[in-house]
Amino acid sequence: MLRSIICLALPSVATQCLRVGALQFTLMVAGRTVSSTEFAAISLGMSLVNACVVSAGMGVASVLDTIATQEFGRDPQSAFLGLALRRALIATTIIAGIPLVLLTLFRRELLGIAFHSDLVEPTSTYLAFTWPGTLALVYQSCLQKYVNAQGIVNLPLMGNAVSIVTLLVLLPVVHALHGGVAEFALVVSAGRLAAFVSLAFLASRTQAARRRWGTWQMRDVISPNDEGFRLFASLTGQSVMSSIFERFGFEMMSFLCASVNTRTLHVYTLVFNAWILLFSPAAGLYVAGSTLVGNAVGRRDAATAESAAVASFGVSLVCATVVAGCFGLWPSVVTTLYTGDVAVVEAANFVAPIVALSLFCDITSYGSQGTLRATNRVAVVTLGMFVSQWLVAVPVAVTFLFAVPYGALGACFAASCGMSFIFLLYCVSLARIEWSEVISTPMPEEDRAGLSVAEDAEDVDDCNEPSESTTVDFHRAAGKTSEGDTEMAPLCFIPLGRSS
């Protein structure tokens with residue numbers, strides 16, 4: 001089991017490192033190119049986009065951690081995975097697209113309400129040029145969840161590698177030309193577009209992913225009378241709310257710091273970006289946990305699901321200890337990457353031990369979140385995010401930023417309080433899972449008979465043809481599976497030559 005987790009986690013960690021590294025590399029170059037106010041505006045613009053748009057898109061995408069992983073475990077050849085992806089893409093377009101349009105069109109009015117005047121214009125410029133990349137990012141998240149659920153972990157890695165190459169070409173040019181906020185916003189968009197287009201192209205050229213895509217009609221994708229559709233809608237609502245609670249809570253710290261002064265915002269965004277950079281191992285462990293546990297639940301294999309959950313939590317604990325410990329002891333290794341302002345670096349190093357505690361709790365709890373989502377415990381995640389961010393972190397931040405002004409130190413302490421709560425909640429939730437109940441709990445059945453799959457698609461006929469192993473429920477096996485189904489789902493490093 002440990003080997004399976006490592007095989008899934010390492011490429012996913014590399015993918016996350018590239019994905020986060022692309023953004024962090026952009027900030028590092030920007031910190032040495034633009035003024036302190038413009039750098040704060042870029043960071044604030046990223047926070048607004050993450051809170052208002054990306055959080056909703058990520059919430060929709062995370063539904064696939066429950067539905068797609070279990071469906072793949074039930075039947076690795078199922079084209080119902082493609083149905084789930086279509087629903088996720090449509091939901092993302094609506095749920096993330098509406099706030100993106102509003103934020104782009106009314107950016108100056110919205111910024112003028114809450115922030116200092118010196119941040120309004122440069123932040124508005126960033127928002128005006130970054131919207132194409134934001135849309136590409138949320139679509140990429142859905143597609144990445146789709147392939148990860150099948151154990152295909154090399155395609156997202158390649159897509160993000162293309163993004164890094166794009167940035168390596170463009171950022172030196174912008175730096176040499178002393179570009180401003182607009183130029184850096186365009187570079188961010190270009191990198192995200194490159195990642196999405198590359199991943200979509202690679203997935204379309206991979207036979208395994210194409211076969212599971214299927215050829216569903218729109219009336220199948222949007223079918224309110226279907227129990228599977230209603231389950232998807234329910235999980236989407238919970239997942240979007242949990243993602244918004246989490247992201248808005250994190251970004252609210254940036255908004256509160258910006259309301260104090262630009263210096264406080266600069267220090268907090270520096271340590272927060274360092275936190276995000278070092279958070280990468282958690283993303284790989286999340287993918288490994290959600291994939292292995294979800295596949296096992298889909299096969300109704302309680303022993304394997306429990307083993308995968310325990311191993312994933314143990315590895316998360318070790319990784320969190322190492323990463324957080326190193327950052328707490330040697331923060332300047334990371335903080336000096338973002339700016340040459342000695343005073344800001346010293347202030348960031350001073351609060352680093354508190355941030356290290358937050359980082360430890362965040363890595364461990366996020367790795368555990370994959371298991372909770374794979375077992376359909378999205379409500380626990382939603383409750384945890386709401387309480388930890390809005391009933392713990394934000395009130396503490398308001399207290400230590402305004403009532404008792406401790407600046408960035410107060411914001412970092414508030415974040416550590418919130419992350420400590422959610423760490424404890426997830427530990428208790430994992431310990432209380434009854435695995436025999438997880439695999440026996442009925443899930444809504446997808447109305448397969450009513451779905452209209454194109455009959456003339458030769459490359460998906462065998463995926464849609466009902467068989468002894470495909471006449472069970474959409475999200476779970478309804479009876480005893482065949483002997484072959486007790487095997488672990490394959491870890492797929494798909495060669496690109498396998499295309500139809």
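For the numbers below, each heavy atom of this structure counts, side chains included, while hydrogens, waters and symmetry mates do not.
- Checking N261 against T264 by side-chain atom types alone, a donor-acceptor pair falls below 3.5 Å.
- With respect to N376, the side chain to side chain contact (heavy atoms under 4.5 Å, CB included) criterion is satisfied by exactly one of T66, V438, D65, I67: T66.
- Heavy-atom contacts from other residues, nucleotides or ligands closer than 6.0 Å to CH2 of W131 number 12 or fewer.
- Under a cut-off of 6.0 angstrom, the local environment of CZ in F421 is crowded, with over 12 non-hydrogen atoms contributed by other residues, nucleotides or ligands.
- Side-chain N/O atoms of S141 and R19 include a donor and acceptor closer than 3.5 Å.
- Relative ring orientation between H178 and H175 is described as tilted, the plane-to-plane angle lying within the 30° to 60° band.
- For the atom pair OG (S368) and CD1 (I363), the distance works out to 11.5 Å, reported to the nearest 0.5 Å.
- Classification of the Y139-F196 ring pair by plane angle, with boundaries at 30° and 60°, yields tilted.
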Review point. Would F413 and Y406 satisfy ring-ring contact (aromatic ring centres under 6.0 Å, His included), going step by step from the backbone distance to the final call?
Key: CA-CA 10 Å; F413 175 73; Y406 277 91; 9.0 Å; no
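- Outside the 6.0 Å centre-distance limit, the rings of F313 and Y426 are not counted as a close aromatic pair.
- R373 and T69 share no side-chain donor-acceptor pair at under 3.5 Å.
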Practice item. Let me see the working for N160 and T15 under side chain to side chain donor-acceptor pair (under 3.5 Å), right down to the final yes or no. Key: CA-CA 6 Å; N160 284 281; T15 299; 5.1 Å; no
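- No option in D118, T125, L119, T123 other than T125 meets the side chain to side chain contact (heavy atoms under 4.5 Å, CB included) test with E121.
- A 6.0 Å sphere centred on CZ of F402 holds more than 12 heavy atoms belonging to other residues, nucleotides or ligands.
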